[in-house]
Structure formats: C-alpha cells, structure tokens
Amino acid sequence: MKILITGATSGIGEATARKLHSEGHEIWVTGRRSDRLEALQNSLGRERIKTSRFDVGNLDEVKAFGAAHAQGLKAVDVLINNAGLAKGTQKIQEGQLSDWQEMIQTNVVGLLAVSQLIIPHMVSRKSGHIVNLGSVAGRWVYPGGAVYCASKFAVRALTEGMRMDLLGTNIRVSNIEPGMVNTEFSLVRLGDQAKADAVYSGMQPLTGSDIADTISWVLARPSHINIQELVIYPTAQAHLGQVHRN
Ligand code: NDP
Ligand code: 8X3
C-alpha cells in the first residue's frame with residue numbers, strides 16, 4: 001500500500017514509518033525537519049520511501065505540497081495524521097495565546113488541511129484508510145491540559161464525523177488514543193530534557209514502536225472491519241495523572 005505519514009521525523013510517526021516500510025509498504029514521510037527526513041530515508045535504503053518537508057499548520061505550505069504532488073496524492077491508500085504537539089502545562093489563566101494557536105493550528109487545522117488533499121481521491125476510488133492520532137487526552141481532561149485536550153477532543157469528533165460522512169465509500173477511519181508514550185513529545189511540550197525525562201521516571205511508558213505495532217494491526221484488519229477508536233495505556237498508567245511509579 002502507499003502510505004502517507006505526517007510527522008515522521010521522530011517518535012510515533014518515525015516508528016510507524018519504519019514498521020510499515022519493513023512490512024513492504026511504500027511510505028511517504030513528512031515533517032518540518034528535512035535533516036531527519038533525509039536520515040530516515042538513508043537508514044531505510046531509499047527504496048519505497050519518499051519524503052516531503054512541510055508544516056501541516058501552514059496552509060500555504062500544505063497547498064504548495066498538494067500542488068507539487070497532485071498526481072502522487074491520488075494514489076495514497078492510507079493517510080496517517082500523526083503530526084501533532086503540546087505546548088506548555090500552564091493553567092488557563094496563565095497560558096500563552098501563541099501556544100494555544102500552535103496546538104490548534106497543528107493538531108486540528110493541519111489534520112484537516114492534509115486530509116482534504118487526500119479524501120476526495122479516496123472517495124473517487126471508493127477505498128482508503130485514514131488513521132488519526134488522538135490521545136487519551138481526547139477523552140478525558142486534566143489540569144493544565146485544557147487546550148491540548150480540546151485539540152484531541154476535536155480529533156475524536158473529526159474521526160466520528162469523517163466516519164459518518166464517508167459511510168458508503170468503503171473508506172475506513174480510525175482514532176488511535178495512546179496514554180504516555182516516551183517520544184520527543186514531553187521535550188517539545190516542556191522545552192527541557194530533564195523535565196521531559198522526569199515525566200517517565202520510575203514507570204515504563206509506551207514506546208513509539210508499541211503504537212506502530214498497533215497501527216499496523218489496525219491497518220491489517222479485513223476491509224469489512226473498522227477499528228474506530230483504540231485506547232492504549234502503559235500498564236503502569238490507569239488514567240491521566242494516575243501513574244504507578246517504582
Ligand atoms: P514527537 O514530538 O516525537 O513527534 C511529533 C511529530 O510531529 C514530529 O515528527 C514532528 O516533526 C511532527 N510535527 C509537529 N508539528 C508539526 C507541524 N506543524 N508540521 C509538520 N509536522 C509536525 O511526539 P509523538 O510521536 O509522541 O507525537 C505524535 C502524535 O501522537 C501527536 O499527534 C501527539 O499528540 C500524539 N500523542 C502522543 C502521546 C505521547 O505521550 N507521546 C500520547 C498520545 C498521543 P517536525 O518537528 O520535524 O515537524
Ligand atoms: C499525550 C498524552 O497524557 O501527555 O497525548 O496528554 S498526555
């Protein structure tokens with residue numbers, strides 16, 4: 001299958017790219033850091049891998065990507081809307097508008113903009129699978145997480161809405177909702193490696209590969225099965241903020 005993955009320069013996206021490439025799929029990996037895209041391409045051997053650098057939240061860049069690859073985008077069988085981020089953990093009364101804008105623009109508007117490049121072609125072909133990276137933060141809220149959670153609640157609503165609007169087209173839509181995964185997520189959110197490491201101290205979090213395996217399984221279900229939502233926690237986490245540490 002031809003699989004487009006947004007945000008494949010680290011974490012879940014990179015692990016998913018590696019997993020799906022190892023299964024023989026043709027992967028198209030994207031992100032803002034071109035050095036990382038190049039390193040991934042070099043490490044996978046340049047066969048069945050294409051790279052494109054753009055910011056999903058920058059609508060001019062998404063449009064330019066769409067125009068430059070109009071033909072290639074018609075053939076995408078699977079879109080993995082993985083690019084996303086959290087910024088800050090401040091309470092709502094202390095938060096920064098620029099952080100809120102970046103989260104909403106990346107996690108919600110960016111997901112929609114990339115999906116819009118792909119969905120009409122999938123509808124014409126009457127086949128395709130869209131996998132969105134939601135989160136347990138898209139089902140439950142926690143203090144200091146209001147805007148990030150709102151963006152992931154939106155991903156959940158968009159997944160449900162896509163399923164409803166696409167009913168009858170054979171297109172599947174899935175929302176993968178992980179708990180704590182040790183990636184660059186906490187470093188991006190907190191801006192400090194020591195603080196990021198502390199998030200996972202004394203407990204075993206999920207890895208990007210754990211989520212990649214899950215996505216691979218979701219894609220491999222027979223075409224009459226649509227895994228719509230899948231919550232996956234580390235065993236040491238029972239709820240947001242409820243973590244068992246040794
Ligand atoms: P990482 O920070 O390791 O990876 C995030 C990826 O998204 C990077 O490849 C980054 O690439 C890309 N990205 C971020 N912003 C943009 C943008 N504006 N345009 C294009 N690409 C972008 O974190 P994760 O792997 O953990 O995160 C992947 C997804 O999983 C996110 O949607 C996150 O919300 C979700 N998630 C993460 C959990 C966790 O605990 N880690 C739990 C639940 C969900 P680049 O910087 O090169 O642009
Ligand atoms: C990331 C999980 O718990 O940091 O989506 O919000 S959490």
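Counting starts at 1 for both ligands and their atoms, in listed order.
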With heavy atoms under 4.0 Å as the rule, classify the contact between V181 and ligand 2 as side chain, backbone, both or neither.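 Looking at V181 and ligand 2, no heavy atom falls under 4.0 Å.
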
Does a side-chain heavy-atom distance below 4.5 Å link V147 with D99?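 Not in contact.
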
Please verify the inter-ring angle class for W140 with Y233; under 30° counts as parallel, over 60° as perpendicular, anything in between as tilted.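 Rings of W140 and Y233: parallel, under 30°.
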
Give the ring-plane orientation class for H69 versus W28, where under 30° counts as parallel, over 60° as perpendicular and anything between as tilted.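 Ring orientation, 0 to 90° scale: perpendicular.
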
Using heavy atoms and a threshold below 4.0 Å, how should the contact between [X] and ligand 1 be classified: side chain, backbone, both, or neither?
X    : answer
Y148 : side chain
V181 : both
M180 : backbone
K152 : side chain
S186 : neither

For ligand 2, which atoms have a heavy atom of [X] less than 4.0 angstrom away?
X    : answer
A137 : 6 (O)
F185 : 1 (C), 4 (O)
L240 : 3 (O)

Is a donor on one side and an acceptor on the other found under 3.5 Å between the side chain of R189 and the backbone of A86?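 Checked: no pair found.
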
Q237 side chain to M180 backbone, donor-acceptor under 3.5 Å: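 Judged by distance alone, yes, a pair lies under 3.5 Å.
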
Closest non-hydrogen protein atom to [atom], residue and atom name please, with distance?
atom                    : result
atom 7 (S) of ligand 2  : Y142 OH, 3.7 Å
atom 2 (C) of ligand 2  : S135 OG, 3.7 Å
atom 42 (C) of ligand 1 : G179 O, 3.1 Å
atom 43 (C) of ligand 1 : P178 O, 3.3 Å
atom 18 (N) of ligand 1 : D55 OD1, 2.8 Å
atom 31 (C) of ligand 1 : N82 O, 3.2 Å

Less than 4.0 angstrom from a charged side-chain N to a carboxylate O is my criterion; do E61 and R53 meet it?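 Yes.
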
Before accepting this row, confirm whether a basic side-chain N of the pair E26/R48 lies closer than 4.0 Å to the acidic partner's carboxylate O.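 Salt bridge absent between E26 and R48.
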
Positive for side chain to side chain contact (heavy atoms under 4.5 Å, CB included) with I27, one of L44, I80, T16: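 When L44, I80, T16 are each tested with I27, the side chain to side chain contact (heavy atoms under 4.5 Å, CB included) holds only for L44.
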
Scan E184, R36, R33 and name whichever one has a side-chain hydrogen bond (donor to acceptor under 3.5 Å, both in side chains) with T9.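 The option that passes is R33.
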
With nothing but distance in play, are any N or O atoms of [X] less than 3.5 Å from an N or O of ligand 1?
X    : answer
S135 : no
L85  : no
G7   : yes
I12  : yes
Y200 : no

N/O of Q237 under 3.5 Å from N/O of ligand 2, yes or no?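 N/O-N/O distance under 3.5 Å: no.
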
Give the numbers and elements of all ligand 1 atoms closer than 4.0 Å to a heavy atom of A8.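 Here the atoms of ligand 1 in question are 9 (O).
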
Quick one: which ligand 1 atoms are inside 4.0 Å of a heavy atom on T9?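 With T9 as reference, the close atoms of ligand 1 come out as 8 (C), 9 (O), 10 (C), 11 (O), 45 (P), 47 (O).
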
Among T6, T183, V114, which residue places a heavy atom closest to atom 26 (O) of ligand 1?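 When every heavy atom of T6, T183, V114 is considered, T183 comes closest to atom 26 (O) of ligand 1.
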
Within the structure, is a non-hydrogen atom of R189 found at a distance of less than 4.0 Å from ligand 2?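 Contact present.
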
